[in-house]
2 protein chains.
Amino acid sequence: MAAMDIANHLRRHKKSLTRARTEIWRILTQSEKPLSPNEIHRRLNTPKANLATVYRNLRALQDVGLVREIDLREAFKRYEAILAGRHVHHIMCQVCGRIDKIRHCMIQDMANAIQKESGFTLEDHYLECFGICPSCQPHKTEAQGA
Amino acid sequence: MAAMDIANHLRRHKKSLTRARTEIWRILTQSEKPLSPNEIHRRLNTPKANLATVYRNLRALQDVGLVREIDLREAFKRYEAILAGRHVHHIMCQVCGRIDKIRHCMIQDMANAIQKESGFTLEDHYLECFGICPSCQPHKTEAQGA
DNA sequence: ACAAAAATGCAAATCGTTTGCAAGTCTCAT
DNA sequence: ATGAGACTTGCAAACGATTTGCATTTTTGT
């Protein structure tokens, strides 16, 4: 998903390419981890787009398939750019909060079993993990529940 | 996890066995799917415990390991009784909202790969799925995003 | 450049969830 | 059984993330 594609993506869905959207896209693609609406808002150049605009645009970018919502059981959602079609899972450190991507996903292997067990077709899923990152492992004593 | 265990569980954590907790536990164990705080509140016998009490007790029951929180990307969280130590995943129908349990979980098979890829220890995870349930499959056209 | 469509800023509204505090209930040792 | 202390509840207010109404501004396609 090259940066230039954003305009086409939006046009295809009758959505405009605005300064706010361009900036949000830049911020998301430059971030190494999913960001909350507030974090995104903080990183906007002045004059900052309104926080409500950030929310509206995050939804718009999701609608056109450029952005995905991540829920790490915090008080808010996080968002990340979909750079490749492939989906990604995450693992968050229960001690320091560091968030890494997990590119390994065996869900396909589970799909058959799940479909057989439940009778559902499997259209989407999310898998998020919690653990202790390498830097925090020496201190591992009791991790706060996740 | 027999019903009688609830008292011991609570006592072990210096928590009282109250009418509200007993009722919430009954409601959760009798439900075939995870319930929201509001749904639980609605099912309380009169005089109904306050909704804030429901929230507080759901947390208390989580603290002692009797209840688990489920996030199906709705506007609220759901809660279910932990009847066996084994964890459970869910699949929700994108058409009618039906929620089924998935007892099949291959996460253990993924654990090694994830730990190797990320360097994290894997302490917890959640996996929730979305699809189309058998009754809705004939009508399957375009499922609203999940 | 224009008219129509879409987006934005701002403030107010929503809504799930949490919290302060005074009053009520439960526990446990006596 | 009973009383003090610990824990819980009800109620209303507070919170925080997210959404929305509406008038104004920007973007789009022609």
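Order of the sequence lines fixes the chain letters, A, B, ..., with proteins taken first and strands second; residue numbering starts at 1 for each chain.
If you measure from atom CZ of B/Arg12 to atom C1' of C/dC28, you get 18 Å, rounded to the nearest angstrom. Summarising the geometry, the separation between CZ on A/Phe76 and C1' on C/dT18 is reported as 17 Å, rounded to the nearest angstrom. Here D/dT18 presents its P atom at 11 Å from CD of A/Glu39, a figure rounded to the nearest Å. Note: CZ (A/Arg78) to C1' (D/dA17) measures 14 Å, nearest angstrom. Between A/His41 atom NE2 and D/dA17 atom P there is a gap of 13 Å when expressed in whole angstrom units. Following rounding to the nearest Å, A/Lys14 (NZ) and C/dA4 (C1') show an atom-to-atom distance of 12 Å. B/Arg19 has its CZ atom 13 Å from the C1' atom of C/dG24, to the nearest Å. Going from atom CD of B/Gln62 over to atom C1' of C/dT17 covers 13 Å, rounded to whole Å.
For a distance-only test at 3.5 Å, the side chain of A/Arg56 qualifies as a donor-acceptor partner of the base of D/dG21.
Within the 4.0 Å cut-off from OP1 or OP2 of C/dT18, at least one side-chain nitrogen or oxygen of B/Arg59 is found. OP1 or OP2 of D/dG10 has at least one side-chain nitrogen or oxygen of B/Thr53 nearer than 4.0 Å. For C/dA11, the OP1/OP2 oxygens have no side-chain nitrogen or oxygen of A/Asn50 closer than 4.0 Å. The shortest distance between the side-chain N/O atoms of A/Tyr55 and the OP1/OP2 oxygens of D/dT18 is below 4.0 Å. Using a 4.0 Å cut-off, some side-chain N or O of B/Asn57 falls inside it from OP1 or OP2 of D/dT9. Contact check, A/Ser16 against D/dT28: no side-chain N or O comes under 4.0 Å of OP1 or OP2.
A salt bridge links A/Arg26 with A/Glu23: at least one charged nitrogen is closer than 4.0 Å to a carboxylate oxygen.
Five base pairs at each end of the helix from C/dA1-D/dT30 to C/dT30-D/dA1 define two local axes, and these are offset by 50° (rounded to 10°).
Among the protein residues, B/Ala49 comes within range of the sugar-phosphate backbone only, with heavy atoms under 4.0 Å from sugar or phosphate atoms but none that close to a base. Counting non-hydrogen atoms under 4.0 angstrom, A/Ala60 reaches nothing in the nucleic acid.
Atom CG in A/Leu66 sits 11.5 Å away from atom CG in A/Asn57 (nearest 0.5 Å). Note that SG of A/Cys129 and CE of A/Met92 are 12.5 Å apart. Values are rounded to the nearest 0.5 Å. In this structure, the separation between CG on A/Leu28 and CD on A/Glu39 is 10.5 Å, given to the nearest 0.5 Å.
Nearest-nucleotide positions on DNA chain C place B/Tyr79 closer to the 5' end than the other of B/Arg11 and B/Tyr79.
When each of A/Gln30, A/His41, A/Arg43, A/Glu80 is checked for a side chain to side chain contact (heavy atoms under 4.5 Å, CB included) with A/Leu35, only A/Arg43 meets the rule.
When distances run from any side-chain atom of A/Lys77 to the nucleotides D/dT8, D/dT18, C/dT17, the shortest one goes to D/dT18.
Residue A/Arg59 qualifies as open at atom CZ: its count of foreign heavy atoms under 6.0 Å is 12 or below.
Heavy-atom minimum distance, A/Arg21 versus A/Lys15: NH1-CB, 3.6 Å.
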